[in-house]
Amino acid sequence: MMSTETATRPEDAIDDAIAAAAFRRLLRHLRHRTDAQNIDLMGLAGFCRNCLADWVEEASDGRFDRETARYLVYGMPYGEWKTRHVGQATPEQLARMEASLARNPTAAQEALDAELDEALDDSFPASDPPSMTDPSR
């Protein structure tokens, strides 16, 4: 098992190639599970296929626009996916989605987390205090 002691967050210890393979498998799984509606994913987990596409767009540093990112996630144009697989949301689904989204971190919280992660990255490796390295102290 790989040590995660040097990672700020455990997921940071995942090699990029492994993370990419897992992400691609997630996309294939979501494409296969057309019965898992975005509204249900939002209601349960606070994210959906569109969120994944938004994250791909953001991570691409301008290489992918929104429609391209959605195509990459859905495996087809979003409008086609919607026509084939999206049903009418019920009031109950909408209420679950709203309640779930309220639990998601805000942009301000995410920015603060990123700042703290960067500050921690800049402070490591921390040296031992003199009292631990100098027996006379």
Side-chain angles (χ1 to χ4, degrees):
M1 179 171 212
M2 177 186 245
S3 171
T4 60
E5 291 177 19
T6 59
T8 304
R9 296 179 176 176
E11 64 271 19
D12 293 339
I14 301 171
D15 176 79
D16 286 350
I18 294 168
F23 180 73
R24 288 183 183 109
R25 186 171 179 180
L26 171 63
L27 293 181
R28 287 190 298 272
H29 182 78
L30 288 172
R31 287 179 195 154
H32 174 75
R33 290 297 307 269
T34 59
D35 60 310
Q37 295 286 301
N38 280 345
I39 190 82
D40 295 323
L41 294 171
M42 291 293 284
L44 181 62
F47 81 100
C48 68
R49 293 170 183 89
N50 288 337
C51 298
L52 289 175
D54 290 346
W55 299 339
V56 167
E57 178 188 5
E58 290 171 17
S60 78
D61 290 326
R63 288 189 10 215
F64 302 132
D65 63 15
R66 185 176 201 180
E67 289 307 310
T68 302
R70 282 186 174 188
Y71 183 90
L72 295 170
V73 167
Y74 286 95
M76 65 180 68
Y78 175 63
E80 184 178 337
W81 175 274
K82 204 170 168 183
T83 300
R84 286 186 186 186
H85 304 294
V86 176
Q88 185 67 32
T90 66
E92 293 81 15
Q93 288 173 311
L94 292 170
R96 276 193 303 274
M97 180 189 74
E98 291 298 324
S100 179
L101 288 177
R103 295 177 59 194
N104 282 357
T106 64
Q109 288 168 321
E110 289 178 343
L112 179 60
D113 285 348
E115 285 178 31
L116 291 173
D117 286 347
E118 189 173 318
L120 284 172
D121 287 345
D122 291 344
S123 68
F124 284 101
S127 61
D128 292 330
S131 61
M132 292 180 69
T133 57
D134 184 354
S136 67
R137 290 187 151 201

Can you give me the closest heavy-atom contact between [X] and [Y], atom names plus distance?
X	Y	answer
Met97	Met42	CG-CB, 3.4 Å
Ser100	Gly43	CB-O, 3.2 Å
Arg31	Val73	NE-O, 2.9 Å
Gly46	Leu101	O-CD2, 3.9 Å
Leu30	Trp81	O-CH2, 3.9 Å
Ala53	Ala69	O-CB, 3.2 Å

Nearest 0.5 Å please: distance from the [atom1] atom of [X] over to the [atom2] atom of [Y].
X	Y	atom1	atom2	answer
Asn104	Cys51	CG	SG	7.5 Å
Gln37	Asp35	CD	CG	8.0 Å
Glu11	Ile14	CD	CD1	7.0 Å
Arg33	His85	CZ	NE2	13.0 Å
Tyr74	Leu52	OH	CG	8.5 Å
Lys82	Met76	NZ	CE	14.5 Å

- Test item: Arg49 side-chain N/O and Arg70 main-chain N/O as donor-acceptor pair under 3.5 Å: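 Absent.
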
- Taking Gln93 for the side chain and Thr90 for the main chain, is one N or O donor matched with an acceptor at less than 3.5 Å?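 Here the side-chain-to-backbone pair exists.
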
- Item | Residues that Arg25 engages under side-chain contact (heavy atoms from CB on, under 4.5 Å), provided they are two or more places apart |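 Checked Arg25 against side-chain contact (heavy atoms from CB on, under 4.5 Å); matches are Arg28.
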
- Any residue meeting side-chain hydrogen bond (donor to acceptor under 3.5 Å, both in side chains) with Thr34, in chain and number order, not counting sequence neighbours: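 Result, side-chain hydrogen bond (donor to acceptor under 3.5 Å, both in side chains) vs Thr34: none returned.
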
- In terms of hydrophobic clusters joined by side-chain contacts under 4.5 Å, are Phe23 and Phe47 together?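 Same hydrophobic cluster.
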
- Message: If hydrophobic clusters are built by linking Ile, Leu, Val, Met, Phe, Trp and Tyr wherever their side-chain heavy atoms come under 4.5 Å apart, do Tyr78 and Ile39 end up in the same one?
- Response: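 Tyr78 does not cluster with Ile39.
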
- Please examine the side chains of Asp40 and Arg96, heavy atoms only from C-beta on, and report whether any two atoms are closer than 4.5 Å.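 Heavy-atom side-chain distance check passes, below 4.5 Å.
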
